[in-house]
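One structure below.
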Amino acid sequence: QVQLAESGGGLVQAVGSLKLSCAPSIRPFSTYTMAWFRQAPGQEREFVAAITWHGGMTHYADSVKGRFSISRDSVENTGYLVMNNLKPGDTAEYYCAARPYTIIVTQARWYNSWGQGTQVSVSS
C-alpha cells in the first residue's frame, strides 16, 4: 500500500472554489491511478474523478463534470483536484485513493490505498 497525504479542504460559500492536494509516499508513481472519492453523512462513498499518472487520462462523475478538474504534477509527485462553482451538495469528506494499475475504475473497492480524508463544506 501507498501512504497518501491529503490537504486543502475547508469551508467555502456556494460558487466558490477549493483545491485539494494528494501526495503519495512513493516515487515514481507512473504505474498508478489516482482518484478522488467523497462521502457525505449517511451516504455511500461515491466516485468523483480519477487520473492515470503516466498518461494523464482522466474521468469524471457526471455530477462534477465541467466544474472539477483533476491533474497531477510528476515533478512535485502530487495530485490535485480543483473544484470550481461549488454547491452545497458537494459538501462531504473527500478521500484520495490509488491503485497500482493504469486503468481507471470508479468502484471504491478496487482502490487499495486511501488518504485520511479532508472535509469540504459548502454554505449556501
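Note that the numbering runs from 1 along the sequence shown for the chain.
- Distance CD1/Ile104 to CD1/Ile51: 7.5 Å, rounded to 0.5 Å.
- No donor-acceptor pair under 3.5 Å is formed between the side chain of Thr91 and the backbone N or O of Ser121.
- Between Trp114 and Tyr111, the ring-plane angle classifies as perpendicular under the 30° and 60° cut-offs.
- Summarising the geometry of Cys22 relative to Trp36, their closest heavy-atom pair is CB-CZ2, 3.6 Å, with the distance given to 0.1 Å.
- No single ILVMFWY cluster, assembled from side-chain heavy atoms under 4.5 Å apart, contains both Val15 and Leu20.
- Under a cut-off of 6.0 angstrom, the local environment of CD in Gln107 is crowded, with over 12 non-hydrogen atoms contributed by other residues, nucleotides or ligands.
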Original post:
Between Tyr32 and Trp53, is a ring-ring contact (aromatic ring centres under 6.0 Å, His included) present by the stated rule, with each step listed?
Top reply: CA-CA 6 Å; Tyr32 281 74; Trp53 205 261; 8.9 Å; no
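- Under a hydrophobic-cluster definition in which Ile, Leu, Val, Met, Phe, Trp and Tyr are linked whenever side-chain heavy atoms come within less than 4.5 Å, directly or via other members, Phe37 and Tyr94 are assigned to different clusters.
- Contact check on Lys87 versus Asp90 returns no salt bridge, with no Lys/Arg side-chain nitrogen under 4.0 Å from an Asp/Glu carboxylate oxygen.
- Taking each heavy atom of Ala50 and Ala35 in turn, the nearest pair found is CB-CB, 3.8 Å.
- Between Ser63 and Arg38, some side-chain heavy-atom pair lies under the 4.5 Å cut-off.
- Placement of Met34 and Val2 within a single hydrophobic cluster is found when ILVMFWY residues are connected by side-chain heavy-atom separations under 4.5 Å, directly or transitively.
- When all heavy atoms of Val120 and Leu18 are compared, the closest pair comes out as CG1-CD1, 3.8 Å.
- For the pair Asn112 and Gln1, the tightest heavy-atom approach, listed with the atom from each and the gap, is O-NE2, 3.1 Å.
- Between Glu6 and Cys96 the shortest heavy-atom distance is OE2-N, 2.6 Å.
- A donor-acceptor contact shorter than 3.5 Å is absent between the side chain of Arg45 and the backbone of Gln39.
- Follow the hydrophobic side-chain contacts under 4.5 Å out from Val105 and you reach Tyr95 in the same cluster.
- Leu86 and Phe47 sit in two unconnected hydrophobic clusters of ILVMFWY residues. Membership requires side-chain heavy atoms under 4.5 Å apart, directly or through other members.
- Put simply, CD1 on Ile103 and CE on Met57 are 9.5 Å apart, with the number rounded to the nearest 0.5 Å.
- Ser17 and Asn84 form a side-chain donor-acceptor contact under 3.5 Å, judged by distance and modelled atom types alone.
- Nearest heavy-atom pair, Thr52 versus Arg72, reported as atom, atom and distance to 0.1 Å: O-NE, 3.7 Å.
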Original post:
Going through the distances and angles, do Ile70 and Phe68 end up as a side chain to side chain contact (heavy atoms under 4.5 Å, CB included)?
Top reply: CA-CA 7 Å; Ile70 189 170; Phe68 290 13; over 6 Å; no
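- In the displayed structure, Glu46 atom CD is contacted under 6.0 Å by more than 12 heavy atoms of other residues, nucleotides or ligands.
- In this structure the side chain of Tyr60 reaches within 4.5 angstrom of the side chain of Ser69, judged on heavy atoms.
- Interatomic distance, CD of Gln43 versus CD of Glu93, reported as 13.5 Å (0.5 Å rounding).
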**OP:** Decide side chain to side chain contact (heavy atoms under 4.5 Å, CB included) for Val122 and Gln13; before the verdict, give the C-alpha distance in whole Å, the side-chain angles of both, and the deciding distance to 0.1 Å.
**Re:** CA-CA 5 Å; Val122 184; Gln13 289 187 327; over 6 Å; no
